[in-house]
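The structure appears below as structure tokens.
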2 protein chains.
Amino acid sequence: MEITISSQVKDPERIRQRRAEIVRAAVGLFAEKGFHRTTTREIAQASGLSTGALYEYVASKEDVLFLVCRHIHHTILQQLKASLAVEGPAVQRLRQSIQAFIGVMDSMQDEVLLIYQESKSLPSPFLHEVLRQESEITQVFDNLLHEGIRDGSLRTSPKNVPLLAHDIVVAGQMWAFRRWALNTMDFADFAASQTERLMEACGS
Amino acid sequence: MEITISSQVKDPERIRQRRAEIVRAAVGLFAEKGFHRTTTREIAQASGLSTGALYEYVASKEDVLFLVCRHIHHTILQQLKASLAVEGPAVQRLRQSIQAFIGVMDSMQDEVLLIYQESKSLPSPFLHEVLRQESEITQVFDNLLHEGIRDGSLRTSPKNVPLLAHDIVVAGQMWAFRRWALNTMDFADFAASQTERLMEACGS
DNA sequence: GAGAAGTGACCGAGCGCTCAGTCAGTAAAG
DNA sequence: CTTTACTGACTGAGCGCTCGGTCACTTCTC
């Protein structure tokens with residue numbers, strides 16, 4: 001069910017490396033100018049390829065956007081899941097994950113904004129895959145919340161869990177998509193305040 | 001300091017009517033296909049004008065986007081401020097406004113999404129004006145919170161107020177920009193849950 | 001009141017240009 | 001020699017915006 005982007009090039013390792021370069025270049029360009037104002041020539045040049053060579057690794061400009069979005073979500077999810085590898089009651093691991101997540105949002109502001117603003121330009125199957133990945137992030141918190149209710153460390157009803165999970169994700173992401181208004185605020189303050197507020201909302 | 005869009009047409013009332021048509025048409029098109037995939041021909045046709053006539057009322061495609069964004073914010077602010085015209089302690093008016101705001105977000109899902117996804121395409125002075133309008137919305141809640149602290153109906157510190165105001169706005173807007181994930185949920189449930197959670201966070 | 005002159009909103013073909021994607025040819029590797 | 005990766009000039013569709021022209025309506029002239 002994993003979507004694969006076809007390539008003219010045979011060597012899988014070469015594909016992996018070149019596409020990593022393409023994604024790295026495209027993230028910068030898309031974040032700066034947006035998807036539509038970025039040309040395929042610019043992407044090619046910034047990844048050290050010619051126009052033609054770029055099209056050996058992707059079939060369309062939309063493919064590039066999809067690779068970018070997938071990479072971003074993959075990175076976020078990887079870092080988020082790493083933060084789960086601690087012992088203790090669910091409430092403690094929840095706090096840990098919220099802090100970790102907000103930290104990731106801080107380090108990936110451009111990327112988060114990019115997904116909010118440009119994912120609409122993805123062809124439908126790509127968009128669905130990207131939204132599925134986004135759900136995976138929410139699901140991490142969903143699971144933690146249910147665990148906390150089960151082990152008694154969180155006092156809230158299971159029927160609140162789905163929305164609470166979304167609230168956590170959005171509370172973290174807003175540091176990225178509302179930085180134009182929040183940049184008067186210190187990041188450490190933001191992270192601490194949001195974490196406390198969310199933990200309380202979760203019944204900690 | 002209000003930004004004015006110049007027009008070749010002399011009659012101000014005619015400008016008002018035609019631009020209202022242009023905005024109405026453009027909101028639909030931008031929401032459906034996005035700013036960049038919508039052509040000026042489509043905007044003209046959907047507003048009952050020819051390509052040339054459209055350019056009697058705006059100087060560029062970006063002008064249309066700005067008129068659209070300004071109109072959306074104006075509508076939101078108007079409805080939000082209408083909800084303030086009640087008596088009682090601040091805590092009660094806060095609850096009223098939060099509920100009203102979430103209701104507006106529900107009725108303007110496409111429009112809210114549009115601003116999130118397309119405002120990036122605005123030329124800098126237009127973007128600043130749009131962000132200023134967005135701040136005005138946050139400011140409504142900011143003021144209410146301060147009032148509530150002053151009259152003793154809210155138990156929270158003034159230093160939390162700015163972030164709380166943003167949390168309220170974002171908690172409402174997420175109904176629009178995450179509907180792909182939230183549409184399994186009943187709107188009434190969403191509105192009730194978010195209102196309770198936010199009121200508690202505000203120290204009610 | 002009839003005709004002439006002027007006004008301003010509107011029309012839409014088309015200009016100038018951009019840009020995603022192609023393909024004939026080159027280079028390198030084995 | 002064959003295969004694979006790469007090159008970059010080229011194509012053609014599409015788009016924002018323009019501009020010469022039209023026409024309904026108003027104002028002026030006698």
Side-chain angles (χ1 to χ4, degrees), chain A residues 5-26 28-30 32-69 118 120-124 126, chain B residues 5-26 28-30 32-69 118 120-124 126:
Chain A
I5 304 295
S6 67
S7 170
Q8 309 301 318
V9 175
K10 306 291 173 66
D11 182 358
E13 178 56 19
R14 196 172 195 86
I15 294 176
R16 215 189 47 74
Q17 285 177 358
R18 291 289 201 211
R19 282 188 177 168
E21 253 320 294
I22 292 169
V23 165
R24 199 196 50 75
L29 288 164
F30 291 168
E32 186 197 334
K33 332 172 41 169
F35 176 70
H36 284 100
R37 294 204 188 295
T38 302
T39 68
T40 51
R41 277 162 181 60
E42 288 173 314
I43 299 170
Q45 189 170 16
S47 11
L49 294 172
S50 63
T51 324
L54 174 68
Y55 280 89
E56 300 280 322
Y57 295 95
V58 294
S60 68
K61 195 182 167 188
E62 280 73 26
D63 276 4
V64 177
L65 180 57
F66 175 64
L67 289 175
V68 163
C69 290
E118 309 295 354
K120 176 174 194 171
S121 300
L122 287 167
S124 169
F126 288 170
Chain B
I5 304 296
S6 68
S7 170
Q8 308 302 318
V9 175
K10 308 290 175 67
D11 181 359
E13 177 56 19
R14 195 170 195 88
I15 295 176
R16 215 189 47 73
Q17 286 178 358
R18 289 292 200 211
R19 282 189 177 166
E21 250 325 290
I22 293 169
V23 165
R24 199 196 51 74
L29 288 164
F30 291 168
E32 185 196 335
K33 330 171 48 169
F35 176 70
H36 283 101
R37 293 204 189 297
T38 301
T39 67
T40 51
R41 282 167 181 70
E42 290 173 312
I43 299 171
Q45 191 172 15
S47 4
L49 294 172
S50 64
T51 323
L54 174 67
Y55 279 89
E56 301 277 324
Y57 295 96
V58 295
S60 69
K61 197 183 168 189
E62 281 74 24
D63 276 3
V64 177
L65 181 57
F66 174 64
L67 289 176
V68 163
C69 291
E118 309 295 354
K120 176 177 194 169
S121 300
L122 288 166
S124 169
F126 288 170

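A, B, ... follow the sequence lines: proteins, then strands. Residue 1 opens every chain.
Take B/Gln8 and apply the side-chain hydrogen bond (donor to acceptor under 3.5 Å, both in side chains) test, not counting sequence neighbours, and it matches no residue. Residues meeting the side-chain contact (heavy atoms from CB on, under 4.5 Å) test with A/Ala46, sequence neighbours left out: A/Ala25, A/Leu29. Remark: B/Arg14 engages no residue in a salt bridge (Lys or Arg N to Asp or Glu O under 4.0 Å) (not counting sequence neighbours).
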Please produce a list of atom pairs where a protein N or O lies less than 3.5 Å from an N or O of nucleotides 25-30 of chain C.
none

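A donor-acceptor pair shorter than 3.5 Å cannot be found between the side chains of A/Gln17 and A/Glu21.
The rotation axes computed at either terminus of the helix from C/dG1-D/dC30 to C/dG30-D/dC1 lie 20° apart, taking five pairs at each end and rounding to 10 degrees.
For D/dT7, neither phosphate oxygen OP1 nor OP2 lies less than 4.0 angstrom from any side-chain nitrogen or oxygen of A/Tyr55.
The salt bridge (Lys or Arg N to Asp or Glu O under 4.0 Å) analysis of residues 38-59 of chain B, with sequence neighbours excluded, yields the pairs B/Lys33-B/Glu42.
B/Tyr57 has its OH atom 20 Å from the C1' atom of D/dG16, to the nearest Å. Per the geometry, CD belonging to A/Glu21 stands 13 Å off P belonging to D/dC6, to the nearest Å. Counting to the nearest Å, the P atom of D/dG16 and the NZ atom of B/Lys61 are 4 Å from each other. In this entry the distance linking CG of B/Leu54 with C1' of D/dC17 reads 10 Å, nearest Å.
The closest side-chain heavy-atom distance from A/Ser7 to A/Arg19 is below 4.5 Å.
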I'd like a table of donor-acceptor pairs (distance under 3.5 Å, sequence neighbours excluded) in which one partner is a side-chain atom from residues 47-55 of chain A, with atom names and distances.
{"from": "A/Ser47", "atom 1": "OG", "to": "A/Ile43", "atom 2": "O", "distance (Å)": "2.3"}
{"from": "A/Ser47", "atom 1": "OG", "to": "A/Ala44", "atom 2": "O", "distance (Å)": "3.4"}
{"from": "A/Ser50", "atom 1": "OG", "to": "A/Ala53", "atom 2": "N", "distance (Å)": "3.2"}

Quick one: side chains of residues 58-66 of chain B, donor-acceptor pairs under 3.5 Å with protein atoms, not counting sequence neighbours, listed by atom name and distance.
{"from": "B/Ser60", "atom 1": "OG", "to": "B/Glu62", "atom 2": "N", "distance (Å)": "3.4"}
{"from": "B/Ser60", "atom 1": "OG", "to": "B/Asp63", "atom 2": "N", "distance (Å)": "3.2"}
{"from": "B/Lys61", "atom 1": "NZ", "to": "B/Phe35", "atom 2": "O", "distance (Å)": "3.0"}
{"from": "B/Lys61", "atom 1": "NZ", "to": "B/Thr38", "atom 2": "O", "distance (Å)": "2.7"}
{"from": "B/Asp63", "atom 1": "OD2", "to": "B/Ala59", "atom 2": "N", "distance (Å)": "2.9"}

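The stretch residues 33-50 of chain A touches DNA chain C through A/Thr38, A/Thr39, A/Thr40, A/Arg41, each having a heavy atom within less than 4.0 Å of the strand. For DNA chain C, none of the residues of residues 7-20 of chain A falls under the heavy-atom distance limit of 4.0 Å.
The NE2 atom of A/His36 sits 3.5 Å away from atom CZ of B/Arg37, with the distance rounded to the nearest 0.5 Å.
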